[in-house]
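Position 1 is the first residue of the sequence; numbering continues from there.
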Amino acid sequence: MADLKSKFLNVYSVLKSELLEDPAFEFTDVSRQWVERMLDYNVPGGKLNRGLSVIDSYQLLQEGRELTEDEIFLASALGWCIEWLQAFFLVLDDIMDGSHTRRGQPCWFRLPKVGLIAANDGVLLRNHIPRILRKHFREKPYYVDLLDLFNEVEFQTASGQMIDLITTIEGEKDLSKYSLSIHRRIVQYKTAYYSFYLSVACALLMAGEELDKHIDVKNILVDMGVYFQVQDDYLDCFGDPETIGKIGTDIEDFKCSWLVVKALELCNEEQKKTLYENYGNPDPSKVAKVKALYKELDIQGVFSEYESKSYEKLTSSIEAHPSKAVQAVLKSFLGKIYKRHK
């Protein structure tokens, strides 16, 4: 795996130098340095799980056959396209949320001399994806399907972000708008398609499969993405900041979190009043009251039960799939996230 990761990182360097020499634009030294710094700051800094999953998935679909160098390169290039897409979303997301840090360093737009130039950098990141696809996949029979896939997933993600933003409009703090179905819609569109389905869909296309024949795979991965986000919501409140690498602020930020939606379902009128008065306020004493209410309602126990039920349901859906290779891909994804602590 370490060897695969270093090969993956080498492909980043190749793609970056191609983009910095793109013949469609006449670079100056200053513009080339800007783009290089912007890419290095925003693209390769995460855990790279989404990108590496394309290679993992493609490998599992080959059922044990050794991949050629060319296949590793192409699977890596598709993996990097997903990391580019993620960088594009995060750069813009941080501006919208007024965030301060990302991946343990200041958000790109917070850097001196960057500011709102970051909005255009986000657009550039998005535009790099079709440049990479065109250079390396134009002659492939699945080229149009790839372009289609990235466009579709980007649209779904942006639409999910829109529901999230309009559900939590500043100054309209109304918990009665929050429900399990709203939570699921936000998560499904904003996170599940690009974080779970996209990697496997890329691997399936590379393996010569038609995505229309794998709707069941998409549904399982979307369910997995929802489960992953519920875990995230749980860790935001109950996780160890040392382990997860950030301090959770969902309560302060009035997020439509699975925990608050569950609490609203379970609480009596008195407890509901406590939630309405304290949720979405940065005052530490009010945050503490919400956390105390979560403990009172045993939200940790409720989550624990949700986790085991989700695991059982996902496992039986996966085992019902006719292809052993596809089962292996889905089980590998589930294994990475089940009972995670960060």
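Between the side chain of Asp233 and the backbone N or O of Trp258, at least one donor-acceptor pair lies under 3.5 Å. Checking side-chain atoms of Ser199 against main-chain N and O of Phe196 turns up no donor-acceptor pair under 3.5 Å. Between the side chain of Asp22 and the backbone N or O of Ala24 there is at least one donor-acceptor pair closer than 3.5 Å. In this structure, the side chain of Glu252 does not engage the main chain of Gly280 through any donor-acceptor pair within 3.5 Å. A donor-acceptor pair under 3.5 Å links the side-chain atoms of Ser53 to the main chain of Asn49, judged by distance alone.
Listed by chain and residue number, nothing satisfies the ring pair (Phe, Tyr, Trp, His ring centres under 6.0 Å) test with Tyr227 (two or more places apart in sequence, or in another chain). Annotation: side-chain contact (heavy atoms from CB on, under 4.5 Å) contacts of Asn281 (sequence neighbours excluded): Asp283, Lys286. Checked against side-chain hydrogen bond (donor to acceptor under 3.5 Å, both in side chains), Glu71 has the following partners two or more places apart in sequence or in another chain: Tyr58, Arg65, Thr68. Taking the side-chain hydrogen bond (donor to acceptor under 3.5 Å, both in side chains) definition, one finds that Thr101 meets it with nothing, sequence neighbours left out. Under the rule for a side-chain hydrogen bond (donor to acceptor under 3.5 Å, both in side chains), the partners of Asp232 that lie at least two apart in sequence or sit in another chain are Arg340.
A side-chain contact (heavy atoms from CB on, under 4.5 Å) with Leu165 holds for exactly one of Asp93, Ile186, Asp97; it is Asp97.
The closest side-chain donor-acceptor pair between Tyr12 and Asp40 falls under 3.5 angstrom. Judged purely by distance below 3.5 Å, without hydrogens or angles, the side chains of Glu319 and Gln327 never pair a donor atom with an acceptor atom.
Residues Phe228 and Leu180 share a single hydrophobic cluster, defined by chaining ILVMFWY side chains whose heavy atoms lie under 4.5 Å apart. One hydrophobic cluster, built from ILVMFWY side chains closer than 4.5 Å, holds both Val217 and Leu314.
Counting all heavy atoms, side chain and backbone alike, Cys256 lies closest to Val261 at SG-CG2, 4.1 Å. Between Ala325 and Leu60 the shortest heavy-atom distance is CB-O, 3.8 Å. Between Leu133 and Phe150, the shortest heavy-atom distance links the atoms CD1-CD1, 4.0 Å.
In this structure, Phe73 has its ring center under 6.0 Å from that of His136. Ring centers of Tyr306 and Tyr234: at least 6.0 Å apart, outside the cut-off. Between Tyr143 and Phe137, the distance separating the two ring centers is not shorter than 6.0 angstrom.
Residues Ile182 and Lys177 form no side-chain contact, since every pair of their non-hydrogen atoms from C-beta on lies 4.5 Å or further apart. Residues Val35 and His128 are in side-chain contact: their nearest non-hydrogen atoms beyond the backbone lie under 4.5 Å apart.
Within a 6.0 Å radius of CZ in Arg134, no more than 12 heavy atoms belonging to other residues, nucleotides or ligands are found.
Ring pair Trp34/Trp108 is perpendicular by interplanar angle, where above 60° counts as perpendicular and below 30° as parallel. Between Tyr197 and Tyr193, the ring planes are perpendicular. Angles over 60° get that label, and only those under 30° would be called parallel.
Counting only residues at least two apart or in different chains, ring pair (Phe, Tyr, Trp, His ring centres under 6.0 Å) contacts with residues 274-300 comprise Phe254-Tyr279.
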